Amino acid sequence: MQKKSRILALSLIGVLILATILYVPQPAVAETTPYEIVTTYSAPLPEKLEVTLQYTTYFIPTSYILITAGGANIRSAPDASASIIGKAAHFEKVPVRALVRGSYVTNYLTDLWYEVEKIVGDQTIHGYVLATLGEVRTFQFGKMLAVAESLKAEVDGQTTAYISNYKNWNGLAPLHQGLAFDPYGVKRSQSAPAYLSASTSADFRYIADGTLVTILGQTDSFYKIRTLNFPGDFYVPKRYVSLQNSIDQLTKAIVIDRKNQNEGVFEYSGGHWFLVSYTFATTGELAKYKEPTDLGYYMAINKVDKFLYLDDVTREIAGYAPYGIRFGGGAYIHGVPVDLRRNVPVGQRVTYFPPMVEYSSTIGTTPRSHKCVRNYTSHAKYLWDWSEIGKTAVIVIE
């Protein structure tokens, strides 16, 4: 990204974007909030992070409460008897300014209230929501930038690669002491054994498909590697290590925040990191037939315009997710999933897909995918166009 293009991007975004799209609620102060303030909320941008937003389809507050109850009343004061001036729906994300102490509500056993702002049309409602009706979320821009910087410092100028064992194509890793997972909870399937020495008789742990590694050396059978996913140097059989499209210079990073169910998108140019997008996201769930999205540093391995997924029980094609970027095992960043509206017999080629769906109210709420990271479809399309295989990493944080 050249200097001229950065200036053009800023001029197009302008004051409107910085004031409304990149919304950082101002801390509440005693002069405007005549109640005891317990804490204030904001999502400050690191001083060294520059902003050139390229995706602005939705209004995304950077500190907000996710309404976890069936709904919530917004009251004129932190008091259950105060007038209702607005409402927030289940899973709505409402900009939050502070946590204050108000009237005690016996039914909920609390006197804590969130001071919130809700934009309705061209007006902003300023009021209070009982704290037990939602939970605070934020964009951890500082932490997101820090992991992108750490990975860039690790891979730039080094020989990098990634663990390659998608669908166990390079061989199912050996059992670890008779078990299909290691002491750290990493599964055997779609992983590689990472030995403590260059011998298959040495102790080992699993290292998941897609994990970015730095090549430190090699023997006839092993690559000596390290990874930011966990400390130490390890030896991985060469068949599990791919140098295809290896990253020489990291310029693009998609950082997924599993705790807050959101993500930031960063691009490096001219000695600076730029925040080019941020949005809500939904990660994997720990449940039957599902897996959480694993923490760590991963390669953006390949892109598909439609990622087909299977029914949990029948294993037939059940639908598709648009604009997929695979980064580990069967984990993709993708748009809103679309279920097929008709049964597809086993082995029959799918020739018809329902239209894409742009929006889902569950994006950015609670983990619910099979390991993937769901985005609004327009944002998935933006990432699909923007990302470059061989220059882009996916980082998952908590």
Side-chain angles (χ1 to χ4, degrees), residues 1-3 5-10 12-13 17-18 21-24 43-58 60 62-63 137-157 160 162 210 212 228-229 245 247-281 283 293 295-301 303 323 325 327-328 332-333 364 373 375-376 378-398:
M1 188 183 301
Q2 300 299 316
K3 182 176 181 181
S5 65
R6 295 201 303 270
I7 295 173
L8 177 59
L10 282 171
L12 292 175
I13 296 170
I17 297 300
L18 295 177
I21 301 299
L22 191 61
Y23 178 85
V24 181
L45 291 167
E47 290 186 4
K48 55 187 174 182
L49 178 64
E50 300 192 35
V51 180
T52 56
L53 295 182
Q54 299 174 4
Y55 175 88
T56 57
T57 299
Y58 296 96
I60 308 290
T62 57
S63 290
R137 301 279 181 88
T138 190
F139 280 83
Q140 301 186 84
F141 291 124
K143 187 172 184 178
M144 290 176 172
L145 176 61
V147 295
E149 289 179 323
S150 294
L151 184 59
K152 184 170 180 61
E154 172 67 17
V155 304
D156 281 13
T160 65
Y162 68 92
L212 278 166
L228 293 182
N229 283 19
N245 297 319
I247 299 177
D248 293 326
Q249 299 288 323
L250 179 68
T251 59
K252 298 183 176 184
I254 304 167
V255 185
I256 313 298
D257 183 344
R258 199 171 69 172
K259 175 183 177 182
N260 290 286
Q261 296 290 284
N262 56 41
E263 69 186 51
V265 184
F266 301 84
E267 183 166 352
Y268 189 86
S269 178
H272 299 280
W273 281 104
F274 292 82
L275 178 69
V276 296
S277 177
Y278 69 102
T279 189
F280 303 126
T283 62
T293 307
L295 303 175
Y297 297 77
Y298 300 94
M299 176 83 170
I301 300 170
K303 300 190 283 187
Y323 305 118
I325 302 172
F327 63 91
Y332 288 76
I333 301 172
V373 179
N375 282 209
Y376 299 124
S378 59
H379 192 263
K381 176 64 163 61
Y382 162 74
L383 292 178
W384 199 83
D385 291 334
W386 168 85
S387 60
E388 297 179 77
I389 304 304
K391 297 182 179 180
T392 306
V394 176
I395 308 172
V396 184
I397 66 170
E398 195 78 272

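All of these numbers come straight from a predicted model, not from anything done at the bench.
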Asks: To the nearest 0.5 Å, how far apart are OG1 in Thr57 and NE2 in His379?
Replies: 8.5 Å
Asks: May I ask you to decide if Arg137's main-chain N or O and Ser63's side chain share a donor-acceptor pair within less than 3.5 Å?
Replies: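 No, because the side chain of Ser63 does not come within donor-acceptor range (under 3.5 Å) of the backbone of Arg137.
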Asks: Has the side chain of Ser277 got a donor or acceptor atom that lies under 3.5 Å from a matching backbone atom of Val265?
Replies: no
Asks: By side-chain hydrogen bond (donor to acceptor under 3.5 Å, both in side chains), which residues pair with Lys381, not counting sequence neighbours?
Replies: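 Here the qualifying residues are Asp385.
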Asks: Do any N or O atoms from the side chain of Lys252 and from the backbone of Glu388 form a donor-acceptor pair under 3.5 angstrom?
Replies: no
Asks: Give the C-alpha distance, both sets of side-chain angles, the deciding distance and a yes or no for side-chain contact (heavy atoms from CB on, under 4.5 Å) between Asp257 and Tyr278.
Replies: CA-CA 11 Å; Asp257 183 344; Tyr278 69 102; over 6 Å; no
Asks: Sequence neighbours left out, what passes side-chain hydrogen bond (donor to acceptor under 3.5 Å, both in side chains) with Lys303? Give chain and number order.
Replies: none
Asks: So which heavy atom on Leu212 is nearest to which on Ala393, and how close?
Replies: CD1-CB, 3.9 Å
Asks: Starting at NZ of Lys48, measure out to CD of Glu149 and round the result to the nearest 0.5 Å.
Replies: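 Result: 3.5 Å between the selected atoms.
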Asks: Just wondering, do Leu275 and Met144 contact through their side chains at under 4.5 Å, heavy atoms?
Replies: no
Asks: What heavy-atom pair brings Asn229 and Tyr297 nearest, and what distance separates the two atoms?
Replies: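 Where Asn229 meets Tyr297 most closely, the heavy atoms are OD1-N, 2.7 Å.
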Asks: Tell me whether Tyr162 contacts the main-chain N or O of Asn245 through its side chain, where contact means a donor paired with an acceptor under 3.5 Å.
Replies: no
Asks: Once rounded to the nearest 0.5 Å, what's the spacing between atom OH of Tyr298 and atom CG of Leu228?
Replies: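 Atom-to-atom, Tyr298:OH and Leu228:CG are 12.0 Å apart.
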Asks: To check you understand the geometry: which heavy-atom pair defines the closest contact between Tyr55 and Ser378, and what is its length?
Replies: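 In this case the closest contact between Tyr55 and Ser378 is OH-OG, 2.7 Å.
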Asks: Quick one: pull up CG in Leu45 and CG in Leu145 and give me the separation to the nearest 0.5 Å.
Replies: 10.0 Å
Asks: What distance separates Glu267 CD from Trp386 CH2, expressed to the nearest 0.5 Å?
Replies: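 Taking CD in Glu267 and CH2 in Trp386, the distance rounds to 6.0 Å.
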Asks: Does Tyr58 have its ring centroid less than 6.0 Å away from the ring centroid of Phe280?
Replies: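 No, they do not, as the ring centres are separated by 6.0 Å or more.
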Asks: For Asn262, which residues count as a side-chain hydrogen bond (donor to acceptor under 3.5 Å, both in side chains) partner, sequence neighbours excluded?
Replies: Tyr64
Asks: What residue among Ile395, Val394, Asn375, Thr293 forms side chain to side chain contact (heavy atoms under 4.5 Å, CB included) with Ile256?
Replies: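 Of the listed residues Ile395, Val394, Asn375, Thr293, the side chain to side chain contact (heavy atoms under 4.5 Å, CB included) partner of Ile256 is Val394.
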Asks: How far does CD1 of Ile333 sit from CH2 of Trp384, to the nearest 0.5 angstrom?
Replies: 14.0 Å
Asks: Check whether any side-chain heavy atom of Thr392 sits under 4.5 Å from a side-chain heavy atom of Phe327, and report yes or no.
Replies: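 They are not in contact (no side-chain heavy atoms under 4.5 Å apart), so the answer is no.
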Asks: Hey, are Thr279 and Glu263 close enough side-chain-wise for a donor-acceptor pair under 3.5 Å?
Replies: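 Result is no, nothing qualifies.
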Asks: Which atom names give the shortest non-hydrogen contact between Ala148 and Leu250, and what distance separates them?
Replies: O-CD2, 4.1 Å
Asks: What I want to find out is whether Arg258 reaches Glu398 closely enough, with some N-O distance under 4.0 Å, to be called a salt bridge.
Replies: yes
Asks: Looking only at non-hydrogen atoms, find the nearest pair between Trp273 and Thr251 and report the distance.
Replies: CZ3-O, 4.0 Å
Asks: With side chains defined as the heavy atoms from C-beta onward, is the minimum distance between Lys152 and Gln249 less than 4.5 Å?
Replies: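 Of all side-chain heavy-atom pairs linking Gln249 with Lys152, at least one is under 4.5 Å.
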Asks: Of all the heavy-atom pairs spanning Leu383 and Ile254, show the shortest one and how long it is.
Replies: CD2-CD1, 4.1 Å
